[in-house]
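Chain letters run A, B, ... following the sequence lines, proteins first and then strands; every chain starts at 1.
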Amino acid sequence: MEPMRAAETAAPAGPMPTPELLAERLLPWFDARGRDDLPWRRPGTTAWGVLVSEVMSQQTQVARAAPVWEAWMARWPTPADLAAAPTADVLREWGRMGYPRRALRLQECARIVAEEHGGVVPSDPVELERLPGIGVYTAAAVAVFHYGGRHAVVDTNVRRVVARLGGRSDAGTATTRADLTAAEALLPADAATAARVSVALMELGALLCTARKAECGDCPVSDECGFSGQEVPAGPSRKRQRYQGTNRQVRGKVMALLRDAEEPVERARIDAVWPQARMLDEAVAQLIAEGLIATDESGRFELPTR
DNA sequence: GACCCGTGGAA
DNA sequence: TTTCCAAGGGT
């Protein structure tokens, strides 16, 4: 057996608070300072509503996702409703949240849940992860935030907060097994309390213990934190992907054109969004292959009818 | 693990 | 103005 190097990378550099102490510090803060205006936190939100909110929040700020979620859930309250919608409508309602493949996968999710699960969103993370666009984080979020299961919910916020609690300034770029283990070790035994700790950890990372700055003076767990009082290292925490001039930018321009078009558009109008024909051809071919755009009988371009 | 996939808000 | 990054997932 190879040595478990990954477990070492995310291992705390210092002592971690006990789950009981963490909950004792964190939960009162969350009750007092947590955001109570997120629409999916309202009582009565369905499992499907939670799943939709989590997919929308993948790499999109929750403040931007919230209004889209409201309109979306009013229009398509159940998986069956979304499954039956024209894909063009789905992509337009998704609007400018970015990564429109998420919208496509969400509709596939709706079809699978409606047809293969009797319209009931699974509660088991393993089962949830089988759905398109649902990874480890989103599966855990639905299982915990709606169904009350006891699982670690590890997003970028939790990774960062847990790393800093352990005295590490670098949380790494992606969630590893070691991150999950470290987060699980902080969960109290009671599932309902564990669920609140997970939301509170995420909220702490989103509001106080952010990527750019750690507001240790206002932090409820600063006394138990290995990072307390330190400055966040300057500069990007990881290598960033360029955007200007990339395929993604071209795809974005094509999608924006078709989203805003009332009718199918001629190729000439597609050509107008990008000067380099090579890149444009590539992007258009990709978008068609992925099912994000389509052509009609006369060869004009449009969002997928179905 | 590295890289790909959009868009816009905040500093 | 530019940079950084956001409740990630798939390949």
Student: Using only side-chain N and O atoms of Thr156(A), determine if any of them is under 4.0 Å from OP1 or OP2 of dA6(C).
Tutor: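 Checking dA6(C) against Thr156(A), a side-chain N or O does come within under 4.0 Å of OP1 or OP2.
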
Student: Would you mind telling me which of dC5(C), dA7(C), dG6(B) lies closest to the side-chain atoms of Ala211(A)?
Tutor: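 Of all the options, the side chain of Ala211(A) is nearest to dC5(C).
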
Student: Less than 4.5 Å apart, side chain to side chain, heavy atoms only: is that true for Met56(A) and Val62(A)?
Tutor: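 No - every pair of side-chain heavy atoms lies 4.5 Å or more apart.
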
Student: Looking only at the side chain of Gln59(A) (C-beta and beyond, no hydrogens), which of the listed nucleotides dG8(C), dC5(C), dT7(B) gets closest?
Tutor: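 The listed nucleotide nearest to Gln59(A)'s side chain is dG8(C).
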
Student: At under 4.0 Å between heavy atoms, what does Trp40(A) touch on the DNA or RNA strands: base, sugar-phosphate, or nothing?
Tutor: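 Base contact - Trp40(A) has a heavy atom under 4.0 Å of at least one base atom.
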
Student: When you measure from the side chain of Arg212(A), which nucleotide among dA7(C), dT3(C), dG6(B) comes out closest?
Tutor: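 Nearest nucleotide to the side chain: dT3(C).
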
Student: Taking atom CZ of Arg42(A) as the centre, does the number of heavy atoms from other residues, nucleotides or ligands within less than 6.0 Å exceed 12?
Tutor: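 Yes, because the 6.0 Å sphere around CZ of Arg42(A) holds more than 12 heavy atoms from other groups.
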
Student: Tell me whether the OP1 or OP2 atom of dG1(B) has a side-chain N or O from Thr173(A) closer than 4.0 Å.
Tutor: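 The answer is no; no side-chain N or O of Thr173(A) sits under 4.0 Å from OP1 or OP2.
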
Student: Base, sugar-phosphate alone, or nothing: which one does Arg160(A) contact when heavy atoms must sit under 4.0 Å apart?
Tutor: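 Sugar-phosphate, no base atom in range.
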
Student: Return the residues of residues 243-265 of chain A meeting this criterion: a heavy atom under 4.0 Å from some atom of DNA chain B. Order them by number, or give none.
Tutor: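 Within this stretch, Tyr243(A), Asn247(A), Arg248(A), Arg251(A), Gly252(A), Arg259(A) sit under 4.0 Å of the strand.
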
Student: Could you tell me how far dG8(B) sits from dG10(C) if I compare only their P atoms? Round to whole Å.
Tutor: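 Going atom to atom, P in each nucleotide, I get 24 Å.
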
Student: How many whole angstroms separate atom CG of Leu106(A) from atom P of dG6(B)?
Tutor: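 Rounding to the nearest Å, CG of Leu106(A) and P of dG6(B) are 16 Å apart.
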
Student: Between the side chains of Arg130(A) and Glu127(A), is the shortest nitrogen-to-carboxylate-oxygen separation below 4.0 Å, so that they form an ion pair?
Tutor: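 Looking at Arg130(A) together with Glu127(A), the answer is yes, because their closest N to O distance falls below 4.0 Å.
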
Student: Roughly how many Å apart are dA11(B) and dA7(C), using the P atom of each and rounding to a whole number?
Tutor: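 dA7(C) and dA11(B) have their P atoms separated by 13 Å.
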
Student: So which protein nitrogen or oxygen atoms get under 3.5 Å of nucleotides 9-11 of chain C's nitrogens or oxygens?
Tutor:
unit_1: dG9(C); atom_1: OP1; unit_2: Gly135(A); atom_2: N; d: 3.0
unit_1: dG9(C); atom_1: OP1; unit_2: Thr138(A); atom_2: N; d: 2.9
unit_1: dG9(C); atom_1: OP1; unit_2: Thr138(A); atom_2: OG1; d: 2.4
unit_1: dG9(C); atom_1: OP2; unit_2: Tyr137(A); atom_2: N; d: 3.3
unit_1: dG10(C); atom_1: OP1; unit_2: Gly133(A); atom_2: N; d: 2.8

Student: Quick one: do Asp190(A) and Arg196(A) make a salt bridge, cutoff under 4.0 Å?
Tutor: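 Salt bridge between Asp190(A) and Arg196(A), a charged N being under 4.0 Å from a carboxylate O: no.
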
Student: Give a yes/no on whether any side-chain N or O of Arg102(A) is located under 4.0 angstrom from OP1 or OP2 of dG8(C).
Tutor: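 Checking Arg102(A) against dG8(C): no side-chain N or O falls below 4.0 Å of OP1 or OP2.
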
Student: Nearest whole Å is fine: how far is dG8(C) C1' from Met97(A) CE?
Tutor: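 Result: 14 Å.
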
Student: Measure from the side-chain heavy atoms of Arg96(A) and tell me the nearest of dG8(B), dG6(B), dA7(C).
Tutor: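 When the side chain of Arg96(A) is considered, dG8(B) is the closest of dG8(B), dG6(B), dA7(C).
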
Student: For Trp274(A), which residues count as a ring pair (Phe, Tyr, Trp, His ring centres under 6.0 Å) partner, sequence neighbours excluded?
Tutor: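 Per chain and number, Trp274(A) pairs via ring pair (Phe, Tyr, Trp, His ring centres under 6.0 Å) with no residue.
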
Student: Across the strands shown, which category fits Leu287(A) at heavy-atom distances under 4.0 angstrom: base, sugar-phosphate, nothing?
Tutor: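 No contact.
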
